[in-house]
Asks: 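Here it is, the structure in full.
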Amino acid sequence: MSEALQSLLDLLDLERIEEDIYRGRSRSAVVPRVFGGQVAAQAMVAAGRTVPEDRHAHSLHAYFLRPGDPGAPIVYNVDRLRDGRSFTTRRVVAVQHGKPIFTLSASFQTYEEGLDHQAPMPPAPDPATLPTGEERLRSYPHLPADTVERFLETRAAVDLRHVDDPPYGDFGTPREPHSQVWFRTNGKLADDPLLHVVLATYVSDMTLLDSVLLAHGRGGWAVGDVVGASLDHAMWFHRPFRADEWLLYDQQSPSASGGRGLGQARIHTQDGRLAVSVVQEGVVRVPREH
């Protein structure tokens, strides 16, 4: 396991303060606030620790309420909303400085047989044929060196490979609002299913709104031609998967309006199983000229 991955796992390993109350810490992100994927992942850890081991996460629905302060701890309060025969529901509120910054509802289910079908996996090149994240980032001379280093630091725990240039790599001309990314953790993980859900949740917030930027030829937060933040985030976990094995994150944006952009995505395993569906809306604004 890489040192960066161990550091991320330590970050997600919350401290138990009291019954159903946990505390997490943060680290720096590319933008000067807590990375949304970190808060969502930590909230899933908090929820999962109150659920029986035989019940696995099947969905989460979250709202980002306020920017998180990376210099202060985050307290996660878990409400046990329902413990049914098949389903368990939890609500988590993340609090900083006495105010909620994030809320999450998560549902867990015991395993059962049922109807089974899925959308086919889209075509994509083998991840082994693609440049690494570091190789691609260092190939863009227009990106400031400190921006590149921040990207590499915040993504060091994950091997994330874009199929085509991300928005900050090639911008100025609108492109199809569709992007693909292969990802896996930089090291093996334990067999705990919740851990793999938590790591996929963490990564899912890294690139989903990129497809919004592609549609308008914008480079994004890395080059400063838009400002924005996640508003809400939803995930459905359809089939078991491992976050330490290659996953294809196929993303698109069907709409942007009113200062908001919508991203939709599917995550497939390398052998073609549909593992996760993701939807996110975020604020995407063009900075005003003074």
Asks: Would you say the side chain of F183 lies within less than 4.5 Å of the side chain of L199, judging by non-hydrogen atoms?
Replies: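 Not touching, per the 4.5 Å side-chain cut-off.
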Asks: Under 3.5 Å, is there a donor-acceptor pair between the side chain of H196 and the main chain of A243?
Replies: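 At least one qualifying donor-acceptor pair exists.
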Asks: Mark yes or no for whether Q251, through its side chain, and L208, through its backbone, hold a donor-acceptor pair below 3.5 Å.
Replies: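 Looks like yes, one N/O pair under 3.5 Å.
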Asks: Side chains of V278 and H233: does their closest heavy-atom pair fall under 4.5 Å?
Replies: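 Yes - at least one pair of side-chain heavy atoms lies under 4.5 Å apart.
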Asks: Can any side-chain N or O of S253 pair as donor or acceptor with the backbone N or O of L262 at less than 3.5 Å?
Replies: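 Here the side-chain-to-backbone pair exists.
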Asks: Does the distance from a Lys or Arg side-chain N to an Asp or Glu carboxylate O, for D20 and R49, drop under 4.0 Å?
Replies: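 No.
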Asks: Filter on side-chain hydrogen bond (donor to acceptor under 3.5 Å, both in side chains), then keep only pairs touching residues 64-76, sequence neighbours left out; what's left?
Replies: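 Matches after skipping sequence neighbours: Q42-Y76, D69-H97.
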Asks: Would you say L274 and R239 make side-chain contact, with heavy atoms under 4.5 Å?
Replies: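 Counting from C-beta outward, L274 and R239 do come under 4.5 Å.
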Asks: Between H61 and S105, do the side chains contain an N or O donor and an N or O acceptor separated by less than 3.5 Å?
Replies: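 There is no such pair (donor and acceptor under 3.5 Å, judged by atom type) between the side chains of H61 and S105.
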Asks: Is the closest basic N to carboxylate O distance between E149 and R138 below 4.0 Å?
Replies: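 Answer for the salt bridge query: yes.
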Asks: Would a distance-only check, ignoring hydrogens and angles, find a side-chain to backbone donor-acceptor pair under 3.5 Å from R184 to L247?
Replies: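 Between the backbone of L247 and the side chain of R184 there is no qualifying donor-acceptor contact (under 3.5 Å).
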Asks: What verdict does the salt bridge (charged side-chain N to carboxylate O under 4.0 Å, His left out) test give for D164 and R136, after you've listed the backbone C-alpha separation in whole Å, the side-chain angles of each residue and the deciding distance to 0.1 Å?
Replies: CA-CA 10 Å; D164 296 307; R136 194 178 284 277; over 6 Å; no
Asks: Do V51 and L195 sit in the same hydrophobic cluster, where Ile, Leu, Val, Met, Phe, Trp and Tyr count as joined when their side-chain heavy atoms come under 4.5 Å apart?
Replies: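 V51 clusters together with L195.
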Asks: Check the surroundings of atom CZ in R266: do more than 12 heavy atoms from other residues, nucleotides or ligands lie under 6.0 Å from it?
Replies: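 It does not: R266 CZ has 12 such atoms or fewer within range.
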Asks: Please find out if less than 6.0 Å separates the ring center of W246 from that of H268.
Replies: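 Aromatic pair excluded; centres sit 6.0 Å or further apart.
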Asks: Count the heavy atoms belonging to other residues, nucleotides or ligands that lie under 6.0 Å from CZ of R80, then report whether that count exceeds 12.
Replies: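 More than 12 heavy atoms, drawn from other residues, nucleotides or ligands, come within 6.0 Å of this atom.
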Asks: For E15, does the CD atom sit with more than 12 other heavy atoms under 6.0 Å from it, leaving out its own atoms?
Replies: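 Enclosed.
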Asks: Any side-chain heavy atom of I74 within less than 4.5 Å of one from S26?
Replies: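 They are in side-chain contact.
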Asks: Under a 4.5 Å cut-off applied to non-hydrogen side-chain atoms, are R175 and D165 in contact?
Replies: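 Sidechains of D165 and R175: in contact.
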Asks: State, with a plain yes or no, whether a side-chain heavy atom of F35 is found less than 4.5 Å away from one of M206.
Replies: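 Yes, at least one pair of side-chain atoms sits under 4.5 Å.
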Asks: Apart from L231 itself, what residues make up its hydrophobic cluster, given side-chain heavy atom links below 4.5 Å?
Replies: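 Grouped by the 4.5 Å side-chain rule, V283 form the rest of the cluster around L231.
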